[in-house]
Every structure is written in C-alpha cells, then in structure tokens.
2 protein chains.
Amino acid sequence: MPATDTKSAIRREALRLFSERGFAAVSMRELAEAVGMHQGGIYNHFPSKQALLVDLMATHINALLEAHEAAMEEVQGPEAQLRAFVQNHVSYHLDYPKDVFLAYMELRSLDAVNRKDIVALRNRYEQSLRTILEEGRSRGLFRIDDAAVHARMLLSMLTGATTWYRDDGRLDRDAIVACHVRGAMQSVGLEVTEP
Amino acid sequence: MPATDTKSAIRREALRLFSERGFAAVSMRELAEAVGMHQGGIYNHFPSKQALLVDLMATHINALLEAHEAAMEEVQGPEAQLRAFVQNHVSYHLDYPKDVFLAYMELRSLDAVNRKDIVALRNRYEQSLRTILEEGRSRGLFRIDDAAVHARMLLSMLTGATTWYRDDGRLDRDAIVACHVRGAMQSVGLEVTEP
DNA sequence: CATAAATATGAATGATCGTTCATTCATATC
DNA sequence: GATATGAATGAACGATCATTCATATTTATG
C-alpha cells in the first residue's frame, strides 16, 4: 500500500473522530486503531497530534475560500452577490460538515501561532460577506441595522445546518439550500418571489 | 466559609474553564487550582466530573426554559410571539454566554442517559419555536419554505452572538438584541419599520 | 537480486488523567 | 467541653496520555 493512502486514511479517520468527539477526547491510540495501524506509525506521517489538527483545519479553510472565490467570480451587485455567497456557503457546508464543525469547534485547541493563522483566514471570509452587506445597505437595497452584526448572524445561521443535516433526511440538499437562500435574502429585507 | 460558597465557586470556575477550553481538556487538578483548593475536595461536592457537567447543563437548560415560558405568557399571535421569543432568547444568551456555549458544545461529552434528558429539554424548546412558525405560515403571515428548517436556522442565528459578544464591544446589548429581532422578523418575510 | 529508503511495529518514556482514601481541620450541637 | 459532622488535605491508585525509538518489514530503485 503506497504511503499516501495511509496518510489520507489518517486524515479521514481523524476528521471523523475529532469532529464527533472532540480533539482532546480522542487519543492517538484510538485514532491508530480506527485507521488499522499502531500508534507509533502515525508519527511517520504527522509530527504531532497538533500538526494533524492544523493540517485538517488549514485544508478546510483554504478549500472554503477557494470555493467562495470561484463562486463570486463575475457576480455583480449586492443582491446577486449575497445570493451567490449563501448558495456557495450552504452547499459547501452540507458537503463537508465534519470539516466545518472541526474548524469551528477546535480553534481553542490550537496553540497561539496556529490559531492566529486560521483566524486570519476566517476573518478574510467574514469580511467578504460584510462588504457585500455594507454595499447593499449604503445603496439602500438592504434594510439592516449593522453590517458587521448581520454578517455574523448570517454566518451562524448558514453554518448551523451542519449540526443536523442528514443525507437521508426529509428534505434534500437543494431544498435546504433554498430555505437558507430565502431566509437570508428576506433577513436583509428583500422580497423573495414564491416558487 | 460555609460549604455552599465552595460549591458555587466550583460551579463558577468549572463553567468558565469548560466553556473556554472544553470539558475533556480541563483536568480536575486545574479546576481545583482555579477554585483554590485541592483536587480531592471537589468530590465532597460532586460525585464525579461527569456529574458536575450534568449539573451545569441541566441548570442552564431549565433556566432558559423558565425564562422562555415567562416571556411567552399572554403574548398572542405569531408575530408578537416570534418577537417575544427572539427578544428573550437573545437577551438570555447574552447574559449567560458560557452556560449556553457549554450546553451547546458538550452534549457529546455526556453519557447516553444524561444526554437523552438534556436533548429532550432542548427539543421542547425548539418545538415551541417551530409551533410559532407553523402557525404564522398557515395563517399566511410568514413567508417561509419549511417551519422545521426555519426554526433551526433562527436558533443558530440567534445563538451565535454568544461566541463573539463582548460587554465592551462597539454595540451595547440592546442594540444587538434589536439587530437580531429585525433580522429574524424580516427572515420570515415581515416588514420592519425603520426606527 | 541487492540496496536504500520509507513505513510499520510494539515496547518504553515520563507525564498526567479521574478517582479514592486515610487523615486532619473547623465548626456546630449537645 | 466532649462529640459528631462536613469539608479540606495530600498522597496514592491504576489507567491512559502523547511521544520516542530501536527494530522489523515493506516498497522502490539500481
């Protein structure tokens, strides 16, 4: 078995275990057992438990930013931009709920240096939503009290689905995305036409 | 010093440490040190670390339900009920951010029996919001796709403030509550008059 | 096939975990 | 003032933690 398979298996199981039970509550022994190897071997692929967490979180946040930038290309005007942002955000979050949950929950498990880097990336993402809201507000398109607060409100709202969405649930992915798009558009005071 | 002071000091420091760093990442030694006592003494007040967590979470969820029921008394009609729900929810969450964060994050640290009880209480709370949304939708007052999904969207949105609100922040408590009330009312398609 | 590099093993490291316990201490009751 | 009680101490328990390492095995390269 080539090395890269083991490494990605470690990533996959670590993502699953850390997101399910928390970084601190999962031991390297458990992780190794889940992968089907012995504890020492993990250190051939990742220098420490902390480095493994950083790898998972950085991979996620970079992938999210990449998807975001691709989704926002050539989309003009606050209303269309907000719609594109919400669609991409919710779609991505439903596709990678574990990655999202881990990045959200385990910031506090990072040491100071690593946390600073991840937070900077997250702030960049939040800032891009804030800019859309500011622009919509200053043009009189959006009716909101405060762009910064509203950006955070929306991010919380749109991210929450990761905690309860199931593939075999009552509503499919597109229906849930649609609920969120509508809720977000209406939250800034826009009218959404009935389907 | 009477015993009750020590017990509440343990509660206070446990709430702080568990919410800041996570239940699994805080040791009984650290907790004891934060309280200013030795590790063994905690067990005179709580039979186990798990029991301490259950105590904190049950206290919170019951207090939230109590505040909720008081806030909803004699409030009639979906629009007024939604407004009352949001106001109470956000106010309570800004007052007790650590309690909220702990109850939200550490469900997975509870054993099966305790988790079942807490989840049942939380579902009761979520159900009451869902009922308001269903009622508003069926009367044609709210424009939402799905009451269950919208209830969860709103709860995520309204709970998020606990993760970033600071007493010395740019906006005061009432302003933040107002942002959330407006965002929530508009999210169901209601018009909110400018202040 | 030989050799080197990468990877896996499994035991061992010292530290720390939640919990227990015999003991001491302070306070309240009779 | 003797005694009972709840609380705090501080050492100790076995278990488990992340990590290291010498060794064995597998894989890739000549």
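Here is the naming used below: chain letters follow the sequence lines, and residue numbers restart at 1 for every chain. Any value given below was found using the heavy atoms of this structure, including those in side chains, with hydrogens, waters and symmetry copies removed.
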Starting at atom CD1 of B:Ile10, determine the distance to atom C1' of D:dA7, rounded to an integer number of angstrom. 10 Å

What is the distance from NZ of A:Lys49 to C1' of D:dT16, rounded to the nearest Å? 12 Å

Take the protein atom CE of B:Met37 and the nucleotide atom P of C:dA26, then report the distance between them rounded to whole Å. 15 Å

For atom CG of A:Leu53 and atom P of D:dA18, their distance in whole Å: 13 Å

D:dG10 phosphate, OP1 or OP2: any side-chain N/O from B:His38 under 4.0 angstrom? yes

Estimated bend of the helix from C:dC1-D:dG30 to C:dC30-D:dG1 (axis per five terminal pairs, rounded to 10 degrees): 10°

Round to a whole Å and report the spacing from CG of B:Asp5 to P of C:dA26. 18 Å

Which nucleotide sits closest to the side chain of B:Ser27: C:dC17, D:dA8, C:dT9? C:dC17

Using only side-chain N and O atoms of B:His45, determine if any of them is under 4.0 Å from OP1 or OP2 of D:dA8. yes

Here's a test of your reading of the structure: between A:Pro47 and A:Glu30, which maps to the more 5' nucleotide of DNA chain D? A:Glu30

Any side-chain donor-acceptor pair under 3.5 Å between A:Gln127 and A:Thr131? yes

Any idea how B:Trp164 and B:His180 line up, ring-wise: parallel (<30°), tilted (30 to 60°), or perpendicular (>60°)? parallel

If you go through the side-chain atoms of B:Asn44, does one of them form a donor-acceptor pair with the base of D:dA8 closer than 3.5 Å? yes

From D:dT19, C:dA8, C:dC17, nucleotide with atom closest to B:Arg29 side chain: C:dC17

How are the rings of A:Phe85 and A:His89 set relative to one another: parallel (under 30°), tilted (30 to 60°) or perpendicular (over 60°)? parallel

So, is B:Thr6 close to the D:dA8 phosphate, meaning a side-chain N or O under 4.0 Å from OP1 or OP2? yes

Does B:Arg182 reach the side chain of A:Arg143, with side-chain heavy atoms less than 4.5 Å apart? yes

Rounded distance in Å - CD (B:Glu33) to C1' (C:dG18): 17 Å

Taking atom types as modelled and ignoring hydrogens, do the side chains of B:Ser128 and B:His68 form a donor-acceptor contact shorter than 3.5 angstrom? yes

Using atom CD of B:Gln39 as one end and atom P of D:dA12 as the other, report the distance to the nearest whole Å. 12 Å

Touch check for B:Val35, heavy atoms < 4.0 angstrom, all strands: base, sugar-phosphate only, or nothing? nothing

B:Met185 vs B:Glu79 side-chain heavy atoms within contact, under 4.5 Å: yes

Within 45° of the axis and under 6.0 Å from the centre of the six-membered ring of A:Phe46, does NZ or CZ of A:Lys7 qualify? yes

Can you measure B:Tyr43 atom OH to D:dT9 atom C1' for me and round it to whole angstrom units? 15 Å

